[in-house]
Amino acid sequence: MKNLIIAEKEFSSRLFLGTGKFGSNELMKNSVIASGTEMVTVALKRVDVWKEDDDLLLNLQLPTINLLPNTSGVRTAKEAVLAAQMAREALQTNWLKLEIHPDPRYLLPDPIETLKATEELVKLGFIVLPYINADPVLCKKLEDVGTAAVMPLGSPIGSNNGLQTRAMLEIIIEQSNVPVIVDAGIGAPSHAAFAMELGADAVLVNTAIAIAGNPIAMAEAFKLAVIAGRMAFENKMATPIKIAMASSPFDLSLLDIN
Amino acid sequence: MIKHSFAEIFNKYNWEEVCNRIYNSTDEDVIRVLNRNGKLSPEDFMVLISPAAKEHLPEMINKSFALTRKRFGNTMQMYIPMYLSNECNNVCTYCGFSFGNKLPRITLSDDEILNEVAVIKAMGYEHILLVTGEDNQKVGVDYIAHAVEIIRPHFAHISLEVQPMEKEEYEKLIPFGLNTVLVYQETYHEKNYKTYHPKGKKSNFNFRLETADRLGEAGIHKIGLGVLLGLEEWRADSFFTALHLHYLNKTYWQTKYSVSFPRLRPAEGDFEPKHPMSEKDLLQLICAFRIFDENVELSLSTRESPTFRDKIFELGITSISAGSKTDPGGYAGNKHALEQFHISDERTPAEVAEVIRARGFEVVWKDWDAVMQ
């Protein structure tokens, strides 16, 4: 399996994890370990970045783990840039998962503010991974302003509904020059495997692991599903055959043509 | 002038008719609503709070539990109230702060506020709810703005539960770091509202009814709704709360909402509620709100007993208070002012947090950051 590369950084795991909704920080940590992930996202609002013994952050001090702070909670580009600057200063990372959702119910991302913030953050030296709706045109515009990856949603966040945006995701994957990470809505390992089979570069999973009966075992199930899906994609998976194939091939000589 | 008003929708309903519709819900209605895929309407909510639905409480609990976990995960948000003042010019027949009650009145000074802050911070809190009575001279918008300003550096999230204000006043307060405003209607029974609130600015039913609209227009992050359960028929009052929530969700789509469940306890003080609500009723109501709206935050205070809170917190509630004092200066302990209501759960925040953790839930102290506003 090829390594994933984002902004020149290599990842051997193509599974990213969110850290919310777990029954305890210890359970979250053990799930992170079981998933084999190397990239976890942390909501800035949930942690005290200035506190040395913030329990959530302490539990993520693992040698193989990269922190991807996210701006969940901000409603505008302006708020996002402020939050990003605080994250960079406190956590000493340029990486940022940009989330701008003015709608607090379905947490749907605002495309206009996201594009504006990406442009500004890239200029400020951030490596930006924006959470967006599965909008192919927006993806190209984000590429134009220097995004490091795109993170289109499969279905509304936390819904566990799988890849409802499949048709758009296929176009995004086809057209993208930056890694495509399917984020939000992945509720089952089969959804994750399917995203990888479609050619997504990685997936981000949170709710489906955090609220499972056994989050640690579920994290492992997702790890295996992502590997299986990626291997299938890299090894030229057989595609569904839409026309009937006779088991005895048609005898062309019967047509008597050259 | 506000552009939208809940009053327009509210006025289309008649209290008695609503009661009849709730009480006439059938078993078939309940089964239909509980099995419905997709969003529920306020009319469906009537069914969920009906006596017929009470027979389906086990199914309601399962559904509410699952929806809560999906949206909020295995977590519980902690918050605590801090009373800044018990001055009040209103006469509310059920309230400890009522104007006629001859007891010491206190409004905290800056030093006293910071003393309270120190004690509350030591308990681990990051989300605080500031409360006052209604006295526009002594605890008007300027006092509150100043209080928010000096409290802001110490907390991640600040809520306010004070008198309803004008839109411009909310717009003034928000930049100081105010995140949430709670305004309970007390009751949506317009006629009887006047008998509970005979004097003071609070006697204006419609001004209170349109408070959430003014807040929505001012761009507040979160609005808290609720009624004083037991004052009037709780089912009808809760229907109007749900109707209000439904309207606000559609109108101010960038705002979050929470619902609280202050329940008048039968034996509380001199005030005997006309329509007492049982614990089982309250559980049904909590589940009904969750099934109706999977995104709404549901809050439970220390008015309820430790036994009840421990039994039901995971079935729909998303935020809980602990260690609360309802008298100004009560945390630092150097004042003995009048309490607003009696606390049933007197355990410390650490004790309550331990119970929550032992049941497999992460106790969340911080879920906001000043940098976001």
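We name chains A, B, ... by the order of the sequence lines, and we start the count at 1 in each one. The structure displayed is predicted, hence computed values, not measured ones.
- The neighbour count for B:Lys250 NZ, taken as heavy atoms of other residues, nucleotides or ligands under 6.0 Å away, does not exceed 12.
- When heavy atoms are compared at a cutoff of 4.5 Å, A:Ala83 approaches chain B by way of both its backbone and its side chain.
- A side-chain donor-acceptor contact under 3.5 Å links A:Arg105 to the backbone of B:Trp253.
- Per-residue counts of heavy-atom pairs under 4.5 Å with chain A were compared for B:Asn249, B:Thr255, B:Val364, B:Thr75; the largest is that of B:Asn249.
- Under a cut-off of 6.0 angstrom, the local environment of CD in B:Glu351 is crowded, with over 12 non-hydrogen atoms contributed by other residues, nucleotides or ligands.
- Within 6.0 Å of NZ in A:Lys141 there are 12 or fewer heavy atoms belonging to other residues, nucleotides or ligands.
- In this structure, the portion of A:Thr71 lying under 4.5 Å from any heavy atom of chain B is its backbone and not its side chain.
- Note that the CZ atom of B:Arg71 and the CG atom of A:Leu107 stand 5.0 Å from one another [nearest 0.5 Å].
- Of the atoms belonging to B:Asp293, not a single heavy atom falls under 4.5 Å from chain A.
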Practice item. Would you check, one step at a time, whether the test salt bridge (Lys or Arg N to Asp or Glu O under 4.0 Å) holds for A:Lys45 with B:Asp369? Key: CA-CA 5 Å; A:Lys45 66 189 171 93; B:Asp369 199 289; over 6 Å; no

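- The NZ atom of B:Lys366 sits 13.5 Å away from the CG atom of A:Asp55 when rounded to the nearest 0.5 Å.
- Interface residue B:Asn295: only side-chain heavy atoms are found under 4.5 Å from chain A.
- Between the CG atom in A:Leu44 and the CE atom in B:Met372 there is a gap of 5.5 Å [rounded to 0.5 Å].
- Atom CD of B:Glu362 sits about 14.5 Å away from atom NZ of A:Lys21, to the nearest 0.5 Å.
- Contacts of A:Thr207 with chain B are made by side-chain atoms alone, with heavy-atom separations under 4.5 Å and no backbone atom involved.
- B:Lys311 NZ: 12 or fewer foreign heavy atoms inside a 6.0 Å radius.
- Side-chain contact between A:Arg75 and B:His221 is present, with at least one heavy-atom pair separated by less than 4.5 Å.
- Contact of A:Val49 with chain B is not made at all, since no heavy-atom distance falls under 4.5 Å.
- Neither the backbone nor the side chain of A:Asp54 comes within less than 4.5 Å of any heavy atom of chain B.
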